Amino acid sequence: DTNLPVTGRFEIKKSRDDRYVFNLYAVNKVIVATSQVYSSAQRALQGIQSVIANAEKAPVEDQTVKDNPVGFPKWELYEDKGGQFRFRLNAPNGSCICHSQGYTTKANCKNGIESIIRSSRNAEIDKAYLTKEKE
């Protein structure tokens, strides 16, 4: 909706190995999510559309608690080997769309998920790489 204020910005970039990733920036220009690596800018755009479609409705599966299985799509909240909390958003087909940095507390990690939900709601999408890829 063009009448709503922009809540964030998705940007597609070329990775070092000539594949593509996207970052989601919050309004304060901080990266709140990074995608998996995609074979083309068009596939990265599909990943962005999947974040927009699934971020808000996906339940959180807290993998630090036993007996908490959730279907797909879902947010997976987990503790890494270094003791930091991280999350990833999985699409309806189970593949990882995007993931987080490490957080020192579970509460901050949950805030990160909320930040992506807020930032993706009415985010603009920088499509510069789609036109560069066709040149």
Side-chain angles (χ1 to χ4, degrees):
D1 187 343
T2 55
N3 296 328
L4 295 173
V6 171
T7 55
R9 188 166 145 268
F10 286 98
E11 183 178 271
I12 298 171
K13 292 187 166 202
K14 202 168 221 181
S15 64
R16 288 187 201 109
D17 61 0
D18 283 342
R19 294 186 297 168
Y20 295 84
V21 297
F22 66 79
N23 289 315
L24 172 58
Y25 293 84
V27 288
N28 63 1
K29 297 185 173 58
V30 170
I31 295 174
V32 293
T34 301
S35 73
Q36 66 172 345
V37 180
Y38 293 94
S39 59
S40 69
Q42 189 61 43
R43 291 224 185 267
L45 181 61
Q46 290 169 348
I48 290 170
Q49 298 297 347
S50 189
V51 170
I52 293 167
N54 295 299
E56 201 154 4
K57 69 180 180 184
V60 174
E61 178 181 278
D62 185 344
Q63 296 179 347
T64 67
V65 179
K66 291 191 188 293
D67 301 323
N68 187 25
V70 173
F72 296 102
K74 69 180 171 185
W75 291 97
E76 291 178 335
L77 187 155
Y78 62 98
E79 192 172 352
D80 68 18
K81 290 177 184 156
Q84 291 200 310
F85 294 92
R86 296 177 181 269
F87 62 77
R88 56 187 158 241
L89 176 60
N90 291 316
N93 67 4
S95 67
C96 177
I97 307 168
C98 63
H99 58 274
S100 73
Q101 62 184 22
Y103 293 90
T104 55
T105 67
K106 191 190 293 191
N108 287 346
C109 191
K110 287 180 178 178
N111 288 340
I113 292 170
E114 289 301 316
S115 180
I116 290 176
I117 292 169
R118 277 191 314 275
S119 297
S120 65
R121 244 181 222 138
N122 195 38
E124 55 185 22
I125 301 171
D126 180 344
K127 296 183 181 176
Y129 257 103
L130 292 175
T131 54
K132 286 180 187 175
E133 192 177 57
K134 291 176 183 166
E135 290 171 358

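Values below: every heavy atom of this structure, side chains too, minus hydrogens, waters and symmetry copies. Every value quoted in this text rests on a predicted model; they were computed, and no experiment measured them.
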Exercise for the section: Check the hydrophobic clustering (I, L, V, M, F, W, Y; side-chain heavy atoms under 4.5 Å; chains of links allowed) and say if Y103 and I117 are grouped together. Expected result: yes
Fill in the blank from the handout: d(E56 CD, I113 CD1) to nearest 0.5 Å is 13.5 Å
Exercise for the section: For the residue pair R88 and Y78, establish whether any side-chain heavy-atom pair is separated by less than 4.5 Å. Expected result: yes
Exercise for the section: Indicate, with yes or no, if Y38 and I52 share a hydrophobic cluster defined by side-chain heavy-atom contacts under 4.5 Å among Ile, Leu, Val, Met, Phe, Trp and Tyr. Expected result: yes
Exercise for the section: Give a yes or no on whether R43 atom CZ has more than 12 heavy-atom contacts from other residues, nucleotides or ligands under 6.0 Å away. Expected result: no
Handout entry: Reported CD1-to-CZ distance for the pair I125 and R9, which is rounded to 0.5 angstrom
Key = 11.5 Å
Practice task
Enter the distance from N90:CG to S50:OG here, rounded to the nearest 0.5 Å.
Solution key: 9.5 Å
Handout entry: 4.5 Å side-chain heavy-atom contact, K127 and I12
Key = no
Problem - Beyond-backbone contact of F72 with N93, side-chain heavy atoms, under 4.5 angstrom - result: no
Exercise for the section: Report yes or no: does N54 contribute a side-chain atom to a donor-acceptor pair with the main-chain N or O of A91 at less than 3.5 Å? Expected result: no
Exercise for the section: State which residues pass side-chain hydrogen bond (donor to acceptor under 3.5 Å, both in side chains) with E61; sequence neighbours excluded, sorted by chain then number. Expected result: Q63, K74
Exercise for the section: Anything under 30° is parallel, anything over 60° is perpendicular, the rest tilted; go ahead and classify F10 against F22. Expected result: perpendicular
Handout entry: Nearest-0.5 Å distance that lies between atom CH2 in W75 and atom CD1 in I97
Key = 8.0 Å
Problem - Minimum side-chain heavy-atom gap Y25-E11 below 4.5 Å - result: yes
Problem - Shortest non-hydrogen contact between S119 and T7, atoms and distance - result: O-OG1, 2.9 Å
Handout entry: Side chain to side chain, L24 and C98, heavy atoms closer than 4.5 Å
Key = no
